[in-house]
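In what follows, chains carry the letters A, B, and so on, assigned in the order in which the sequence lines appear, proteins first and then strands, with residues in each chain numbered from 1. The figures that follow rest on heavy atoms only: side chains count, while hydrogens, waters and symmetry mates do not.
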Protein chains: 2
Amino acid sequence: MIDKPELDKRKAFILATVVYEYINTAEPVGSGTLAQKYNLGVSSATIRNEMAELEAGGYLVQPHTSAGRVPSDAGYRTYVDRLMTPESLTKDDSRRIRGQFRDASRELTDVIEQTTRLLSGLSGNLAIAIAPSRDTHAFKHVQLLWLSARTSLAVVVTSAGVAAQRVFEWQSDVDADTLTRLSNALNSRLGGRIMEDVSPAELEGTCDEIGATREMRDAVRAIFAQSRQTEEPDLAASGAQNLLDQPEFHDLRKLRAILRIVEEQRTLYDLIADELAPDAQRPGPSQPHVRIGHELGPEALSECSVVTMPYRFGDRGVGVLAILGPRRMPYGRLIALASETARSLGDHLNDVEIR
Amino acid sequence: MIDKPELDKRKAFILATVVYEYINTAEPVGSGTLAQKYNLGVSSATIRNEMAELEAGGYLVQPHTSAGRVPSDAGYRTYVDRLMTPESLTKDDSRRIRGQFRDASRELTDVIEQTTRLLSGLSGNLAIAIAPSRDTHAFKHVQLLWLSARTSLAVVVTSAGVAAQRVFEWQSDVDADTLTRLSNALNSRLGGRIMEDVSPAELEGTCDEIGATREMRDAVRAIFAQSRQTEEPDLAASGAQNLLDQPEFHDLRKLRAILRIVEEQRTLYDLIADELAPDAQRPGPSQPHVRIGHELGPEALSECSVVTMPYRFGDRGVGVLAILGPRRMPYGRLIALASETARSLGDHLNDVEIR
DNA sequence: GTTTGGCACTCCACTGTGCTGACTGCTAAA
DNA sequence: TTTAGCAGTCAGCACAGTGGAGTGCCAAAC
């Protein structure tokens, strides 16, 4: 990508104003409107000339010859990176966010889902949340419970709550005492460790220590594997119907394509999970990111933008909040919303963390 | 409601054909089309007369003077109750349903969600599932686990798997032995009982037996209350984007109203939960039900129909599957799909039930 | 009594036309 | 470099005209 020519002050101001006006009205912005509504100190003809140059530079596009201008991906990008003034939340928004987490559930999946509801309600767009990978939770406790001679229940508790439970049917009788000894051995060896650091070899070693059968060894491996990973990405989305309000999605074909992606969680996950890896390594506070139109990849989302904001849980756990909407979204407000919600969510998770 | 006049054979056949044709084409059906495509043995003029009478009887309506006819709620109702021939599933559908449950999760909420995905995929409509109320599960096991001197974890296991877990922070030190004795006492007193039959007095009695503190009594009550009920109805829905394909929902206002109801789970639950109560009492196999247009209640759903089918879990647990779509839905096929899926789901739940 | 062909009538959906208004680019003067 | 003025472009809208699908009714046929 070639560097865009630098924008002089007036061009920058005009671009910012076009984006601002278009975000508010959803109508192509003409030179006349600009001269009238905003005090630029120059005539519409001058603005016209500037806008022509902004179009040549790739910041604006014209839907048709005799229409006003609309920002391009590059126009939005410049706006977000350099022209936009950061916003802070209204008192009311802050209060609603705090209120939501004050009496939120302790259950990770419930919290994640409630957070997407909150965020979609406040933002008027589609909200998505990815739960922190279980690999990064700390192991707290495992208990093998005796239910009957040939059945038992295994429960694994991590710092984020119960990660997995599973019923086993044994081939041969098992007594409660063996289960307790095995539980104790595993607890003393693994307590406090991060799940992804626990190796299968270590599990087997612990089993051998108390003379567990081969069958039990397999069972222990299975239950640990299950508590580390889920088959489907752990993700929630809500507020899809908000998109119906946006004039750009009145075309049903486009809307379908988008909703298909949302329903098919895998694609949605891949879209946002990019934010996980870099943030987990980078030290310091997390940063919101904005991805605009074609930057997102899928053609179906070429008229959408996404604001993402990682949140932290414990030392290692990282999840992501995201807001998906039309490119014509109020970036400042949504960034502020996502940031504050991510912060509150992280705080809440740390509060309810099992220590 | 006044009884409709009986339909003679020919009227019945014409009504059935109009409904059938309209379901397939989504276009108002005219007398000419009927005479041409279906072998009625009479001319279009005769059909015209019959259709006029069917309209007078309230079975058909005309969108405008020079258009064909469209079924009314009463027309669909008659079709579903008396005219339609029951369908059975294709080999392929049956295979997909069986395949889905062969390696389905043991986790109740996962199964419920996967079932809605399956059903929305097969039916091409919106699928909804309500999980059986936890009140009807059988109590299996409770374990109070010692995590540290002042924190412990309680896990309640019911016949459908883990129902609740909760971390307690105690005001004063608690030792592992007390927790174990309390767990044992609760288990021996309550094992196998249905959750809704367990009274708070009984819980308190058991606590007193082993000399538990007031604080622990409250904790036990809380964990049992939590395992019986969830705040939100336990419900899953998927396939909303299927509705976009239906021509009747190309009107965005109508679509919005419907999606709003779907997102707001409470209304959706109330809509379908009616099916729970009567079926739980009635002996014998469950029956599918169809509710059409205004029968559903909410004005927003006046152009929709819902097929519901209860499924059973254990002796008492009853949940419901539902398919929501336009009134112009292939009732025979959807009833067969819902029935077969409900049966498979019930079987699966009973297979994975903890005994 | 029922059925049928014929006919006049109705009304939606579509098409083409012309108009309006918003906006542009360009040019020449300030 | 800025501005006023002007001609040109094009979407969107209102309007009228047309075609066609379908109806209701009536009189003749069965």
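- Ion pair A:Asp93/A:Arg96 not flagged as a salt bridge, since none of the NZ, NE, NH1 or NH2 atoms sits closer than 4.0 Å to an Asp/Glu carboxylate oxygen.
- A heavy-atom distance below 4.0 Å to DNA chain C is reached by none of the residues of residues 22-30 of chain B.
- Across the protein-nucleic acid pair, A:Leu60 atom CG and C:dC23 atom P stand 14 Å apart, rounded to whole Å.
- Within 3.5 Å, no donor on the side chain of B:Thr65 pairs with an acceptor on the base of C:dT10, nor the reverse.
- Taking each heavy atom of B:Leu60 and B:Pro71 in turn, the nearest pair found is CD2-CA, 3.9 Å.
- A salt bridge between B:Asp81 and B:Arg77 is present, with a side-chain N of the basic residue lying under 4.0 Å from a carboxylate O of the acidic one.
- For B:Ser66 against C:dC11, a side-chain-to-base donor-acceptor contact under 3.5 Å is present.
- Considering only side-chain N and O atoms, A:Ser31 lies nowhere under 4.0 angstrom from the phosphate OP1 or OP2 of C:dC23.
- The two residues B:Phe249 and B:Cys304 have their closest heavy-atom pair at CZ-SG, 3.8 Å.
- Taking all atoms of both residues into account, the shortest heavy-atom contact from A:Ser120 to A:Ala127 is N-CB, 3.5 Å.
- On the nucleic acid side, DNA chain D has its first and last nucleotide under 4.0 Å of a heavy atom of chain A at D:dT2 to D:dA11, going 5' to 3'.
- Counting all heavy atoms, side chain and backbone alike, B:Gln241 lies closest to A:Arg256 at CG-NH2, 3.7 Å.
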**OP:** Determine, for nucleotides 25-30 of chain C in 5'-to-3' order, which nucleotides have protein heavy atoms under 4.0 Å from the base (write B), from only the sugar-phosphate (write S), or from neither (write -).
**Re:** BB----
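- A:Thr33 comes within 4.0 angstrom of the backbone, heavy atoms only, and of no base.
- Along DNA chain C, the nucleotide closest to B:Gly41 and the one closest to B:His64 are compared, and the more 5′ of them pairs with B:Gly41.
- Look at CD1 on A:Ile47: it is 10 Å from P on C:dT24, rounded to the nearest Å.
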